[in-house]
Amino acid sequence: MTSNPPSIRELCQKSNYDAVIIGSGPNGVAAGIVLAQKGMSVVILEAQPTAGGGCRSGALTLPGYVHDICSSIHPLGIGSPFFRTLPLGKHGLKWVQPLAPFAQPFDGGRAVVVERDVIDTAHSLGPDGPAYIRLMSSLRPNWNQVCDALLNPTKLLFHPFAMSKFGLRALKSAEAFANSTFRTPLGKGLLAGIAAHSGLPLDTPTSAAIALTLGISAHAVGWPMPAGGAQKLMYALFSFFYELGGEVVTSARVNSLKELPTSKLVLCDITPRQMLEIAGDELPDAYKRRLKQYKYGTATFKMDFAMDGPIPWQAKEISRAGTVHIGNTLEEISASEKAIARGSTTDKPYVLLAQHTLFDPSRAPEGKHTVWAYCHVPNGSAVDMSGAIENQIERFAPGFKNLILARSITSPKQLQEHNANYIGGDINGGSLLPAQLFMRPTARLIPYATPVKGLYFCSSSTPPGPGVHGMCGYYAAQIALRGWR
Ligand SMILES: Cc1cc2nc3c(=O)[nH]c(=O)nc-3n(C[C@H](O)[C@H](O)[C@H](O)COP(=O)(O)OP(=O)(O)OC[C@H]3O[C@@H](n4cnc5c(N)ncnc54)[C@H](O)[C@@H]3O)c2cc1C
């Protein structure tokens, strides 16, 4: 005889809370911490058997290898204005900084390595070195001002610093920005490699914003990884949340607001499509129509490798970097991302790769290595990109394939099964097209609030958008607290 699974109310320790949070990603727990710090009783409900959302690690290949299931490199985590206020070190978090934040190989065995130091970086850019120094010194990698913009992205447009130094450039397309700033394929390709994180075609206005933010962060805070796996960042956040009296319930998928224990506030670390499913009965029609117009972006096709040795890069200096952007020139990267926007793929995709074990050997058996890599594909695509990803790595590191001991493939469909927020494999909680970069999920003065009293969005579908920084959750919780008071 089979018994019914316990209801969400049965899984919770109490029948009444000050706040219920749906979803345990970085933004869900950030919101939970803000509220618990104010003495509120908070429960986080997580659909999956493990908490942590897009920041979890697991054994995806062979015993003894730790792989990051989703996020992997965390400039926004170490630089987060909110996370930096928390005692995460005391709760077990140790950041590991690679020798260099990131690098990009080019045909012919050439490479650009972005070092923590601007001048050192310029050395590897050859004739474009002076242009790089001019760019970075004009922006004066001032993380506090970038953080200010992160906290409230409208400041990207209206902050005086932003307007004069950052904002005007950020509004450009990455293609236009690269062509107007650099002369050589190395400089232009480097800019394209950073901008392509956005999953946007590189001729999209504002696609330069992503490149500038991530580029500044490399010099200001580095591109680190939590020692032992991305999950260690979430462990530290949860440990602090528990210390504040918070509760987390896993294997608790919320299908309707009606299932929840009673509470004054409900914060949702979910995207508009799930909000429509969960709260559709209570939302006014006009707001539902706007949520239905919300656009999801390109998807991710991910691979993880257990390796017999480090990647044998043709340009040896690439082994200094934690992250590698593979795609060669601006033209090639741009073609790859434009094809995706048209609904197709190329056999030379832009590949984002991380090589953690060069800097954190605890993630693999002695002498062995892990590789984390992904490329973009059209939303919902079923195309197998594993061969193309491996060929791209082999192109710049001959002998790579011979070192593969095991591989794990995660398709867009599997990503969504693993995390319901990844609609069609979109890992950004919605497209970063200009209309949705600053105003998400809808164009409202306070985008976190819904028309239903006490019901808020707190996910990466709100400003400042995707990444493991917790600022969407932080900001949503502040707004919710104001409403509550
Ligand atoms: C392959 C990949 C690589 C990435 N790389 C990086 C990187 O290197 N650096 C970086 O900063 N970011 C990276 N990201 C993006 C980053 O993971 C996300 O931007 C971030 O996790 C968003 O946080 P969030 O709290 O808004 O949502 P999520 O982390 O997605 O968490 C949402 C949570 O809500 C839960 N949930 C959804 N629906 C329900 C429901 N109905 N009931 C209960 N629970 C529900 C989900 O299971 C999930 O746990 C990557 C993501 C992926 C997938």
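Both ligands and their constituent atoms are indexed starting at 1 by order of listing. What you see below is based on every heavy atom in this structure, not just the backbone, and it leaves out hydrogens, waters and symmetry mates. We're numbering straight along the sequence, starting at 1.
- Judged by distance alone, the side chains of Ser459 and Asp269 never bring a donor and an acceptor atom under 3.5 Å apart.
- Annotation: atom 42 (N) of ligand 1 to nearest protein heavy atom, Val254 N, 3.0 Å.
- Note on ring orientation: taking the six-membered ring where Trp is involved, the planes of Tyr65 and His67 are parallel (angle under 30°, cut-offs 30° and 60°).
- Taking only nitrogen or oxygen atoms, main chain and side chain alike, Arg253 does not reach within less than 3.5 Å of ligand 1.
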Review point. Gln48 and His418: side-chain hydrogen bond (donor to acceptor under 3.5 Å, both in side chains), yes or no, with the steps?
Key: CA-CA 7 Å; Gln48 296 293 325; His418 168 79; 5.0 Å; no
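- Side-chain atoms of Ser80 and His469 include no donor-acceptor pair closer than 3.5 Å.
- Distances below 4.0 Å separate heavy atoms of Ser459 from the following atoms of ligand 1: 26 (O).
- Shown in contact with Lys302 at under 4.0 Å from a heavy atom are these atoms of ligand 1, numbered in order with element: 1 (C).
- Ranked by closest heavy atom to atom 27 (O) of ligand 1, the top entry among Thr300, Asp269, Ile69 is Asp269.
- Contacts of Gln274 with ligand 1, taken as heavy-atom pairs under 4.0 Å, involve the side chain alone.
- Taking 4.5 Å as the limit, some side-chain heavy atom of Val29 sits within range of a side-chain heavy atom of Phe238.
- Below 4.0 Å from some heavy atom of Ile22 lie the following atoms of ligand 1, by number and element: 40 (C), 42 (N), 43 (C).
- In this structure, Leu76 falls outside the shell of residues with a heavy atom less than 4.0 angstrom from ligand 1.
- Taking atom 47 (O) of ligand 1 as the reference point, the nearest protein heavy-atom neighbour is Glu46 OE2, 2.6 Å.
- Residue contacts with ligand 1 leave out Val29, since none of its heavy atoms falls under 4.0 Å from the ligand.
- In this structure, Ser72 counts as a contact residue of ligand 1, since one of its heavy atoms falls inside 4.0 Å of the ligand.
- Every N/O-N/O distance between Tyr374 and ligand 1 stays at or above 3.5 Å.
- Listed by first then second residue, pairs satisfying salt bridge (Lys or Arg N to Asp or Glu O under 4.0 Å) with a partner in residues 246-263 read Lys258-Asp281, not counting sequence neighbours.
- Partners of Glu277 by side chain to side chain donor-acceptor pair (under 3.5 Å), not counting sequence neighbours: none found.
- Note: an N/O pair closer than 3.5 Å links Asn419 and ligand 1 by distance alone.
- Taking distance alone, with nitrogen or oxygen atoms compared against 3.5 Å, Gly52 stays at or beyond that limit from ligand 1.
- Between His197 and Trp223, the ring planes lie perpendicular to each other; the angle is over 60°, past the 30° to 60° tilted range.
- Atom numbering of ligand 1 starts at 1 in the shown order; those under 4.0 Å from a heavy atom of Gln48 are 47 (O).
- In terms of N/O distances under 3.5 Å, ligand 1 is approached by Gly54.
- Listed by number with element, the atoms of ligand 1 under 4.0 angstrom from any heavy atom of Gly53 are 29 (O), 31 (O), 48 (C), 49 (O).
- Here the side chains of Phe241 and Ile44 are in contact, with some heavy-atom distance below 4.5 Å.
- No side-chain N or O of Arg407 forms a donor-acceptor pair with one of Ser386 less than 3.5 Å apart.
- Considering only non-hydrogen protein atoms, atom 18 (C) of ligand 1 sits nearest to Gly467 N, 3.9 Å.
- For ligand 1, the polar-atom distance check finds an N/O of Ile73 within less than 3.5 Å of one of the ligand's N/O atoms.
- The protein non-hydrogen atom at the shortest distance from atom 15 (C) of ligand 1 is Ile427 O, 4.1 Å.
- Contact annotation: the side chain of Phe83 approaches that of Leu88 to within less than 4.5 Å [non-hydrogen atoms, C-beta and beyond].
- Side-chain contact, Arg440 with Tyr294: a donor N or O sits under 3.5 Å from an acceptor N or O.
- Of the polar atoms of Cys55, none of the N or O atoms is found under 3.5 Å from an N or O of ligand 1, judged by distance alone.
- Comparing heavy-atom distances from atom 12 (N) of ligand 1 across Ser251, Ala51, Ser71, Gly23 singles out Ser71 as nearest.
- Set against the non-hydrogen atoms of Leu45, the atoms of ligand 1 under 4.0 Å away are 43 (C), 44 (N).
- The shell of residues lying under 4.0 angstrom from ligand 1, judged by heavy atoms, includes Pro26.
- Atoms of ligand 1 found under 4.0 Å from any heavy atom of Ile278, numbered from 1 in the order shown, are 41 (N).
- Summary of contacts: the protein heavy atom closest to atom 32 (C) of ligand 1 is Asn421 ND2, 3.3 Å.
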Exercise for the section: Go through His369 and Thr357 one step at a time and tell me if the side-chain hydrogen bond (donor to acceptor under 3.5 Å, both in side chains) criterion holds. Expected result: CA-CA 5 Å; His369 288 270; Thr357 39; 2.8 Å; yes
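- For His418, no nitrogen or oxygen atom sits less than 3.5 Å from a nitrogen or oxygen atom of ligand 1, counting backbone and side chain alike.
- Atoms of ligand 1 lying under 4.0 Å from any heavy atom of Pro466, numbered from 1 in the order shown and given with element: 19 (O).
- Using cut-offs of 30° and 60° on the angle between ring planes, the pair Trp95 and His74 is tilted.
- Of the options Cys55, Ser24, Pro226, Ser57, a side-chain contact (heavy atoms from CB on, under 4.5 Å) to Met234 is made by Cys55 and by none of the others.
- Considering backbone and side-chain N/O atoms, Val468 comes within less than 3.5 Å of an N/O atom of ligand 1.
- Contacts with ligand 1 closer than 4.0 Å are made by no heavy atom of Asn428, backbone or side chain.
- In this structure, Phe102 and His325 have tilted ring planes: the angle between them lies in the 30° to 60° band.
- Contacts with ligand 1 closer than 4.0 Å are made by backbone heavy atoms (N, CA, C, O) of Ala252 only, the side chain lying farther away.
- When all heavy atoms are compared, the tightest approach of Thr450 to Tyr287 is CG2-OH, 3.7 Å.
- When side chains are defined from C-beta on, His356 counts as touching Ile73, because their heavy atoms get closer than 4.5 Å.
- Using a non-hydrogen distance threshold of 4.0 Å, Trp372 registers as a contact of ligand 1.
- Scanning both residues, Leu191 and Ala174, for their nearest heavy atoms gives CD1-O, 3.6 Å.
- With respect to atom 45 (C) of ligand 1, the closest heavy atom belonging to the protein is Ala47 CB, 3.8 Å.
- For the ligand labelled ligand 1, residue Ala30 lies outside the 4.0 Å heavy-atom shell.
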